[in-house]
Enquirer: 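I have a structure here, written as structure tokens, and I will follow up with some questions on it.
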Amino acid sequence: MSSFDEMDAFEGASLSSRAMAARPQPYLDGLNPAQREAVEKLEGPVLMLAGAGTGKTRALTARIVHLLNTGTARPNEILAVTFTNKAAREMKNRVGQMLGQQVEGMPWLGTFHAICVKLLRRHAELVGLKSNFTILDTDDQLRLLKQLVAAENIDDKRWPARMLSGIIDGWKNRALTPEKVPAADAGLYNHRGTEIYDHYQQRLKELNAVDFGDLLLHMVTIFQTHADVLEQYQRWFRYILVDEYQDTNVAQYLWLRLLAQGHKNVCCVGDDDQSIYGWRGAEVGNILRFETDFPGAHVVRLEQNYRSTPHILAAASGVIAGNEGRLGKTLWTEATEGEKVRLIGHWDGEEEARWIGDEIEAMQRGTRGMDPMSLDDMAILVRASHQMRAFEDRFLTIGLPYRVIGGPRFYERMEIRDAMAYFRVVTSPDDDLAFERIVNTPKRGLGDKAQQKIQVTARQNGVNLVEGARILLADGGLSGKGAAQLRLLIDGIDRWNSQLRGPRIEVVQDDDLIDDEQGPVRMAYAPPEISHVELAQVILDESGYTGHWQNDKTPEAPGRLENLKELVKALEQFENLQGFLEHVSLIMDNEQEGEGEKVSIMTLHAAKGLEFPGVFLPGWEDGLFPSQRSMDESGIKGLEEERRLAYVGITRAEQVCTISFAGNRMIFGQWQSAMPSRFIDELPEEHVEVLTPPGLYGGGYGAAMPKSNLHEAAAEANVYNSPGWRRLQARAGERGMSQPKETRNMTIDLNAVSSFVMGERVFHQKFGYGSIIGIEGDKLEVDFEKAGIKNVVSRFLTGCDDVPF
DNA sequence: ACCGTGTATGTTTTT
DNA sequence: CATACACGGT
């Protein structure tokens with residue numbers, strides 16, 4: 001491996017440049033002592049315990065810049081790992097900014113997965129893969145497992161493939177190959193778990209494919225079994241940085257520890273109080289154990305908060321104090337007092353949404369001496385995504401612009417996945433899963449029976465499905481319409497494939513690690529006749545896929561065509577289809593920055609790392625938050641994770657934090673009443689102001705609450721032991737399940753100022769097609785074909801050319 | 001082969 | 001309530 005000899009040769013160079021140091025260090029200005037310590041302590045293991053809003057990203061980037069600026073390390077000798085692409089991108093940008101120039105390359109700054117792909121492409125053969133392996137997403141993974149489960153004659157009802165995929169992911173998170181699964185887990189999935197896991201891994205190898213978990217797992221395996229490979233990277237990565245260390249799982253931990261054992265210059269940044277991904281395999285233990293794992297570790301605590309007001313900070317600290325076994329930090333701030341955390345209870349979820357909508361509009365105008373706040377500066381953070389609906393419905397009705405963060409991701413949409421499957425089949429004909437997906441999409445009259453024939457033929461001849469189909473056709477094993485259609489498809493694939501840059505991949509031993517943006521695999525092709533962007537369009541058109549959606553009359557069809565257009569447009573930024581596919585398989589960018597100010601709605605999980613001047617935290621009811629399921633499944637550990645989630649939520653707020661709960665909520669079509677969250681008890685009373693909900697007789701609960709009072713028990717009394725709350729409870733009981741809906745006796749005003757008329761057929765972005773059955777000012781009542789009757793503001797509707805009925 | 005109706009079953013999510 | 005899947009009819 002000549003590449004590594006050359007890499008090593010650079011070490012001398014960097015050492016000599018270190019001596020010349022003494023360059024200006026503007027990036028150190030304005031750092032507080034703790035941050036500065038974290039930046040300057042370059043050698044040896046460092047744990048940077050960074051509380052929420054304490055400027056950890058700044059410290060982390062300054063540290064990278066410091067490494068570069070002092071000549072301690074060259075850009076390509078620094079391994080910097082993050083969890084999300086967003087974090088990686090931000091770090092890259094900020095390093096560039098701080099450095100005052102564009103770094104030629106930080107090839108090893110990226111997510112765990114992206115870096116592992118790069119490494120695994122170099123060493124794929126060590127785990128029986130070719131370096132052009134494909135990366136399956138969760139959907140492909142599940143379909144593959146379903147096939148295996150079906151082949152084993154397992155009752156999919158009692159033992160759903162979904163469950164198995166969860167189990168296998170769990171094993172991979174713990175870096176367990178099939179042989180290493182502990183005996184204790186043997187009983188899982190009806191005692192067949194390990195067995196099918198093994199089959200699954202074999203099948204992946206046959207398909208020359210990996211799933212997300214494999215990226216880490218394979219690299220750990222390689223490092224553990226090939227000392228020479230490990231040593232080379234240990235030598236090469238002289239400085240290692242890890243962001244969000246509290247979120248690492250066992251596999252990631254092992255991977256890091258193996259690599260860090262070289263120079264032992266590893267700097268992990270994290271906050272044990274923000275560990276909220278335990279359910280997905282993250283081990284808080286990793287960060288708690290850091291000092292034992294890395295002897296001589298230097299621990300730096302970042303405790304000065306630059307984000308929130310003292311009241312908000314105190315409230316958050318009060319809640320998180322309920323957790324045991326923390327590393328412990330005391331956040332403080334120099335900020336002026338500001339607003340107390342506001343707490344308000346509501347009758348039901350609908351009212352909560354209504355109140356929050358009104359409050360947002362009020363804050364936007366500027367209320368009670370507070371400056372007006374932009375909608376962009378406000379966010380609603382919910383525990384579970386189904387809570388979003390109430391807000392969406394309400395905001396659509398009142399015409400409040402909002403954006404949902406972390407909704408269905410662009411690349412997870414059906415049409416995008418279909419289109420990409422076409423691209424995959426064309427770029428790598430061995431991708432059987434992709435072929436299966438598109439063979440009968442659009443409908444080609446190739447049902448289960450025909451597809452099975454293709455499978456059998458392929459298997460008998462030991463070839464991929466495209467070839468199998470070809471042989472089947474040649475043998476005349478298929479007849480009628482299906483045969484002709486399949487012929488067309490196969491011819492299409494051949495044609496598109498030839499229009500691609502070329503069919504063969506050449507592995508280049510690439511020793512240039514610096515501008516290694518495309519990885520070591522280089523394509524050696526003749527120049528293409530048409531660009532990959534045009535080719536993509538051709539594939540979609542000639543395959544009939546575009547036509548399929550053009551003929552589709554469902555309300556979603558126009559949006560899907562729009563998405564396909566976007567997809568083709570996105571291709572322009574890539575050199576070729578392969579590069580694009582790799583990008584999409586690892587990246588889930590969903591930045592649909594619409595025009596104008598919008599309130600953000602997202603889950604608490606999605607909010608980690610973000611901050612907003614105004615934050616609303618609705619749904620603080622026991623069972624919803626903390627979630628009953630978390631507590632049932634993981635007991636105290638689960639509750640503690642929920643509590644950290646509460647901590648994350650509160651600490652997102654800079655100026656105003658409003659917590660709310662509803663006494664009644666429609667869940668799974670049934671009205672249920674709940675007690676306010678136990679976390680509400682844990683809010684320190686002196687930092688909380690209890691607001692009075694409107695429309696509650698006699699001021700309701702909390703209204704007359706003595707502010708600075710006395711007994712802690714009073715804090716409880718304010719909220720749910722108050723007469724008002726009891727009254728609510730009692731009434732909820734009386735009414736039972738039949739909570740009356742808002743009575744609909746709208747005045748239908750035909751003279752209303754609106755460009756719409758009764759009975760007109762309209763289209764709505766979210767609800768699809770419908771007809772107007774009521775008009776009141778600019779508020780319209782629309783009977784949607786799919787979504788039923790909704791009240792919508794007119795500007796969310798567009799008329800259709802269709803004949804009104 | 002495809003479409004419709006019926007029933008079961010409902011966190012959190014990145015890569 | 002609403003969606004996702006399985007089943008049975010055309």
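Letters A, B, ... are given to chains in the order of the sequence lines, protein chains preceding strands, and every chain is numbered from 1. Basis for what follows: all heavy atoms, side chains included, without hydrogens, waters or symmetry-related copies.
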Enquirer: Whole angstrom is fine here: how far is it from CD in Glu350(A) over to C1' in dC1(C)?
Expert: 13 Å
Enquirer: For Glu621(A), enumerate each residue passing the side-chain hydrogen bond (donor to acceptor under 3.5 Å, both in side chains) test, keeping only those at least two apart in sequence or located in another chain.
Expert: Arg665(A)
Enquirer: Checking Glu90(A) now: which residues fulfil side chain to side chain contact (heavy atoms under 4.5 Å, CB included) with it, not counting sequence neighbours?
Expert: Thr57(A), Arg94(A)
Enquirer: Between dT14(B) atom P and Leu604(A) atom CG, what is the distance in whole Å?
Expert: 14 Å
Enquirer: Only counting residues at least two apart or in another chain, list the ones meeting side chain to side chain contact (heavy atoms under 4.5 Å, CB included) with Arg143(A).
Expert: Asp139(A), Asp140(A), Leu433(A), Glu436(A), Arg437(A)
Enquirer: Using the C1' atom on both, measure dA6(C) against dT11(B) and round to a whole Å.
Expert: 25 Å
Enquirer: Taking the P atom of each, how far is dC5(C) from dT12(B), in whole Å?
Expert: 16 Å
Enquirer: Can you tell me how far C1' of dT13(B) sits from NZ of Lys86(A), to the nearest Å?
Expert: 14 Å
Enquirer: Want to settle it: does Ala114(A) or Lys449(A) sit nearer the 5' end of DNA chain B, counting the closest nucleotide to each?
Expert: Lys449(A)
Enquirer: Measure from NE2 on His548(A) to P on dC2(B) and round the result to the nearest Å.
Expert: 11 Å
Enquirer: What nucleotide, of dC5(C), dA1(B), dT14(B), holds the atom closest to the side chain of Lys146(A)?
Expert: dC5(C)
Enquirer: Given dT14(B), is OP1 or OP2 found less than 4.0 Å from the side-chain N or O atoms of Asn249(A)?
Expert: no
Enquirer: When Tyr647(A) is tested against each of Leu604(A), Ile276(A), Asp271(A), Asn323(A) for side-chain contact (heavy atoms from CB on, under 4.5 Å), which residue passes?
Expert: Asp271(A)
Enquirer: Rounded to whole angstrom units, what separation is found between the CD atom of Gln485(A) and the P atom of dA1(B)?
Expert: 13 Å
Enquirer: Applying ring-ring contact (aromatic ring centres under 6.0 Å, His included), name anything that partners Phe679(A), two or more places apart in sequence or on another chain.
Expert: Phe625(A)
Enquirer: Do any N or O atoms of the protein come closer than 3.5 Å to N or O atoms of nucleotides 5-12 of chain B, and which pairs are they?
Expert:
unit_1, atom_1, unit_2, atom_2, d
dT11(B), O4, Ser630(A), N, 3.4
dT11(B), O4, Ser630(A), OG, 3.4
dT12(B), OP1, Ser385(A), N, 2.9
dT12(B), OP1, Ser385(A), OG, 2.5
dT12(B), O4', Arg383(A), NH2, 3.3
dT12(B), O2, Trp279(A), NE1, 3.4
dT12(B), O2, Arg383(A), NH2, 2.4

Enquirer: Strictly below 4.0 Å: does Arg444(A) bring a side-chain N or O up to OP1 or OP2 of dA1(B)?
Expert: no
Enquirer: If I take atom CG in residue Asn440(A) and atom C1' in nucleotide dA1(B), what distance separates them, rounded to the nearest angstrom?
Expert: 9 Å
Enquirer: Which residues pass the side-chain hydrogen bond (donor to acceptor under 3.5 Å, both in side chains) test with Tyr277(A), not counting sequence neighbours?
Expert: none
Enquirer: If the glycosidic angle sits within 90 degrees of zero it is syn, else anti. Tell me which applies to dT11(B).
Expert: syn
Enquirer: For Asp211(A), which contact category applies under a 4.0 Å heavy-atom criterion: base, sugar-phosphate, or nothing?
Expert: nothing
Enquirer: Given atom CD of Gln451(A) and atom P of dA1(B), what is their separation to the nearest angstrom?
Expert: 9 Å
Enquirer: Going by distance alone, is a donor N or O of one side chain under 3.5 Å from an acceptor N or O of the other, for Glu351(A) and His346(A)?
Expert: yes
Enquirer: What is the distance from CE of Met414(A) to C1' of dC5(C), rounded to the nearest Å?
Expert: 14 Å
